[in-house]
Q: 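Shown below is the structure under consideration.
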Amino acid sequence: MDSDTQDRARAVPLALATEAVHAGREDLAGLGLHAPPIDLSTTYPSHDSAAEAARIDAFAATGALPDGPPVYARLDNPTVGRFETALARLEGAESAVAFASGMAALSAVLLARASTGLRHVVAVRPLYGCSDHLLDAGLLGTEVTWVDPAGIADALRPDTGLVIVETPANPTLAEVDVRAVAHACGSVPLLVDNTFATPVLQRPLAEGARIVLHSATKYLGGHGDVMGGVVACDEVFARQLRQVRFATGGVLHPLAGYLLLRGLSTLPVRVRAASASAAELVRRLAADPRVERVHYPSVGGAMVAFEVYGDPHAVISGVRLVTPAVSLGSVDSLIQHPASISHRIVAEGDRRSAGVSDRLLRLSVGLEDVEDLWRDLDRALSAPPARTTAARTPDAVRV
Ligand SMILES: *Cc1c(COP(=O)(O)O)cnc(C)c1O
């Protein structure tokens, strides 16, 4: 055991804010470094082919990370490994496996489960629009049954390999009781998409979920400049995911791994600061006669959804400080119209029954001053109805 490991073994667990800046960096001082090195190698020299063959065999047999030098960048990468270590620590997981995007991460989970013959998935709407589409279209050969949380137990079949929920859900911020749902799943693994809450506000593994998924593109990166996905889980499932990742190639680039590790270090302060502003905006929106309904989860967070009496497209075209754009979790505030953009790919009837009304707007609150944000929203809420064809015709904003 090195001295860091000894320290951790005998010490009280570190607080999340401390882990956020130290996890995945424990060896740096010993290397004489402060910032984590970025290893851009695609391949690694080895004069010992027999030893390399043994490492490849070991990975093929178990999916465990090979001992010794890396072999090839699609198998593993040290910089990405630091991000995986840190995210696992923040989620209270044994392991984490990073991917090129949130959708690559979800695809790997579905393939890993389906490859064992368990092709049936039970899922609760709403989910992120593309996750909904991937399941509903059966693109990866899975079959989905959509249910309310109360219907999960009845929907399970002998070939059910996975239950999927998002809480708070994109875009309505509807919440599910993870403990109750985990109980209903019995021995079927429960995946919770924790993109919106982040481990700062919610740690689903402690409540009985077996798999946590993140679009790291959102809060984990936090600056709107890196795309990635990550799954936190036990080491047994992580090994299957690494084998799927090696075979299908949805790897996270080392530069993205570096940026995501850097993003994690400010995750607690970013989430807390943005959540405080979001809570204040929720108070003002809820009291505003131009706003019909405000959705804000009990767990808190920096995402707000609200339905307006007027034209939602007018609000989008009226903002000046807030960026009218899809995605979320950046340092700057973003607003979008889910029925036109993020959930466009979901069939209209399914969208409506999941609570995604045509008047719903989704706001991702950033780190700007809350008074400046309110001034911008206040003005946008009074904007005249949008007149340009581009803003009003749903087809023109199809993505
Ligand atoms: C964005 C998002 C995804 C997909 O992640 P990408 O990184 O865009 O592939 C999955 N789940 C949720 C909740 C998201 O918001």
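Quick note: residue numbers are just sequence positions, from 1. In each ligand, atom 1 is the first atom listed, and ligand 1 is the first ligand listed.
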Q: In the structure I gave you, are the side-chain heavy atoms of Met303 and Pro168 within less than 4.5 Å of one another anywhere?
A: no

Q: If you draw the axis of the six-membered ring of Phe246, does the NZ or CZ of Arg74 fall within 45° of it and under 6.0 Å from the ring centre?
A: yes

Q: Would you call Arg245 and Glu84 a salt bridge, taking side-chain N to carboxylate O under 4.0 Å as the test?
A: yes

Q: For each nitrogen or oxygen atom of ligand 1, which protein N/O atoms lie closer than 3.5 Å, and how far apart are they, rounded to 0.1 Å?
A:
unit_1, atom_1, unit_2, atom_2, d
ligand 1, 5 (O), Ser215, OG, 2.9
ligand 1, 7 (O), Gly102, N, 2.9
ligand 1, 7 (O), Ser215, OG, 2.8
ligand 1, 7 (O), Thr217, OG1, 2.7
ligand 1, 9 (O), Gly102, N, 3.0
ligand 1, 9 (O), Met103, N, 2.9
ligand 1, 11 (N), Asp193, OD2, 2.7
ligand 1, 15 (O), Asn170, ND2, 3.1
ligand 1, 15 (O), Lys218, NZ, 2.8

Q: From Leu261 CG over to Ile38 CD1, what is the distance, rounded to the nearest 0.5 angstrom?
A: 10.0 Å

Q: Just grab all the side chain to side chain donor-acceptor pair (under 3.5 Å) pairs involving residues 220-243, residues at least two apart or on different chains.
A: Ser95-Glu235, Glu235-Arg239, Glu235-Arg242

Q: For Asp372, is there an ion pair with Arg375 - N to carboxylate O distance below 4.0 angstrom?
A: yes

